[in-house]
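This report concerns only the one structure given below.
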Amino acid sequence: MSSTPAASIDEIVKHGWDAVLVDGNAILNGKPYIHKPSPLAVKDIPFPSDDPIVVKVQDYAKKHLIEQTYNHSMRVYHWGYSILKDQFPEQFGKLSLATWALTCLLHDIGTTHDNLRATLLSFEFYGGILALNLTKELGAPQAQSEAVAEAIIRHQDLGTVGKITFLGQLVQLATIYDNMGINPQIVDEKTRVEVSEAFPRKGWSGCFSKTIREENGLKPWAHTTHLGEEDFPEGVKNNELMKPYDSWGL
């Protein structure tokens, strides 16, 4: 448990600061899942629309993100809720869904056309800074705004050595599920179909693969390259799990 004076124990838990292994495979013990996922309907997955900061950030995301990226962000929220509920029951009910929603809505804000060109920073780092400033301006407490920023900065920091916040691990698990179909059994098929219908991909696999290559062209030093300059964009483009749904909405 953290001994930092910057946040209380309750805030650490509420905003997902608990330290966990960065190695998602190790967390799953090398298995498809820890607990068999339950089928969830979209209507059964609550979204914190009663939180004023979430409402404003959702409006911001809709304004600044292209539709494919916004829908991806909402799918990540729903995948993560399912993963949280079934795989991590000890954190379920303790992690703030508002903090989770803010992380999902803003995790790819650094990939917009303008933001990719506004900075030399890798998109995750710039996105984390934007998210930190935006949520603080909207009145989010330090423990929440910094949790969101940390998770966004590290959401593509996949690896096998070291620790990450629980919030950061959750967004990693949810994003690699949507982007590459990794851990395909961690979400029930019914949930996958329903969420894909509610927030259609509209060619997301090709769209995000193109964005990865765009950033790597602009910034050959980009953090994304650590996932493989060819392996990552090709893995996203050829996402077999999501292939049946990728044209939905086009």
Side-chain angles (χ1 to χ4, degrees), residues 1-2 12-42 44-45 72-97 99-101 103-104 107-108 124 147-148 150-196 201 204-205 208 223-224 226-228 231-232 234-236 238-245:
M1 180 60 68
S2 167
I12 293 291
V13 174
K14 180 179 181 180
H15 300 300
W17 281 104
D18 283 323
V20 300
L21 294 174
V22 74
D23 187 346
N25 188 55
I27 286 179
L28 298 176
N29 297 314
K31 299 177 180 179
Y33 44 72
I34 303 170
H35 308 288
K36 183 175 175 58
S38 56
L40 292 173
V42 171
D44 296 327
I45 299 177
H72 161 68
S73 301
M74 291 299 291
R75 288 193 306 274
V76 166
Y77 175 87
H78 287 74
W79 307 143
Y81 180 91
S82 173
I83 293 167
L84 175 65
K85 176 178 178 292
D86 291 329
Q87 308 308 315
F88 306 107
E90 64 279 8
Q91 275 93 3
F92 182 66
K94 297 179 181 177
L95 179 69
S96 163
L97 290 184
T99 303
W100 175 236
T103 303
C104 297
H107 82 280
D108 275 348
E124 310 100 302
V148 171
E150 172 101 0
I152 291 172
I153 288 168
R154 296 195 63 188
H155 84 269
Q156 292 200 140
D157 193 17
L158 307 179
T160 58
V161 179
K163 301 285 185 68
I164 192 170
T165 66
F166 176 73
L167 184 67
Q169 180 59 253
L170 188 61
V171 75
Q172 283 192 3
L173 288 169
T175 53
I176 62 176
Y177 176 80
D178 196 61
N179 288 336
M180 299 184 76
I182 294 175
N183 303 312
Q185 297 181 56
I186 203 168
V187 172
D188 185 83
E189 182 181 6
K190 177 187 176 182
T191 309
R192 183 165 69 245
V193 171
E194 285 225 3
V195 173
S196 297
R201 295 178 68 84
W204 172 249
S205 294
F208 187 50
H223 180 251
T224 295
H226 95 103
L227 297 173
D231 289 348
F232 186 42
E234 285 301 303
V236 169
N238 299 307
N239 182 346
E240 289 298 320
L241 180 68
M242 297 299 176
K243 200 170 188 178
Y245 320 104

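Remember, it's a predicted structure, so these values are computed and weren't measured experimentally. Below, each value reflects all heavy atoms present in this structure, side chains not excepted, and no hydrogens, waters or symmetry copies.
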Side-chain donor-acceptor distances from residues 155-165 under 3.5 Å, at least two apart:
residue: His155; atom: ND1; partner: Ile152; partner atom: O; Å: 2.7
residue: Gln156; atom: NE2; partner: Glu124; partner atom: OE2; Å: 3.2
residue: Gln156; atom: NE2; partner: Thr224; partner atom: OG1; Å: 3.0
residue: Asp157; atom: OD2; partner: Arg154; partner atom: NE; Å: 3.0
residue: Asp157; atom: OD2; partner: Arg154; partner atom: NH2; Å: 3.2
residue: Thr165; atom: OG1; partner: Gly168; partner atom: N; Å: 2.9

Identify each donor-acceptor pair in which a side-chain atom of residues 80-89 lies under 3.5 Å from a protein atom, sequence neighbours left out, and give them as a table.
residue: Lys85; atom: NZ; partner: Ser38; partner atom: OG; Å: 3.4
residue: Asp86; atom: OD1; partner: Ser38; partner atom: OG; Å: 3.2
residue: Asp86; atom: OD2; partner: Ser38; partner atom: N; Å: 2.8
residue: Asp86; atom: OD2; partner: Ser38; partner atom: OG; Å: 3.0
residue: Gln87; atom: OE1; partner: Ile34; partner atom: N; Å: 2.7
residue: Gln87; atom: OE1; partner: His35; partner atom: N; Å: 2.9
residue: Gln87; atom: NE2; partner: His35; partner atom: O; Å: 2.7

Can you give me every donor-acceptor pair (side chain of residues 180-191, partner residue at least two apart or in another chain, under 3.5 Å) with its distance?
residue: Asp188; atom: OD2; partner: Lys190; partner atom: N; Å: 2.9
residue: Thr191; atom: OG1; partner: Leu40; partner atom: N; Å: 2.8
residue: Thr191; atom: OG1; partner: Leu40; partner atom: O; Å: 3.4

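Residues in residues 166-187 take part in these salt bridge (Lys or Arg N to Asp or Glu O under 4.0 Å) pairs, two or more places apart or across chains: Arg75-Asp178, Asp178-Arg201.
The shortest side-chain heavy-atom distance between Tyr177 and Val76 does not fall under the 4.5 Å cut-off. Two residues are said to be in side-chain contact when any heavy atoms from C-beta on lie closer than 4.5 Å; Val13 and Phe166 fail this criterion. Side-chain contact between Leu167 and Trp100: present, with at least one pair of heavy atoms (C-beta onward) separated by less than 4.5 Å. Within the 4.5 Å cutoff, the side chain of Leu170 has heavy atoms near those of the Leu95 side chain.
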**Message:** side chain to side chain contact (heavy atoms under 4.5 Å, CB included), that's the test. Do Val42 and His78 meet it? Break it down for me.
**Reply:** CA-CA 8 Å; Val42 171; His78 287 74; 4.0 Å; yes
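A donor-acceptor pair under 3.5 Å is absent between the side-chain atoms of Glu194 and the main chain of Ala41, judged by distance alone. Put simply, the side chain of Asn239 gets close to the backbone of Asn179: a donor and an acceptor are under 3.5 Å apart.
Gln169 approaches Val20 most closely through the heavy-atom pair CB-CG2, 3.7 Å. Ala174 approaches Trp79 most closely through the heavy-atom pair O-CD1, 3.7 Å.
Glu240 pairs by the side-chain contact (heavy atoms from CB on, under 4.5 Å) definition with Lys243, not counting sequence neighbours. When the side-chain hydrogen bond (donor to acceptor under 3.5 Å, both in side chains) test is applied to Thr175, no partner is found at least two apart in sequence or on another chain.
The aromatic rings of Phe208 and His72 lie parallel to each other, with less than 30° between the two planes, well short of the 60° mark.
Annotation: the span from Leu97 atom CG to Thr103 atom OG1 amounts to 11.0 Å, rounded to 0.5 Å.
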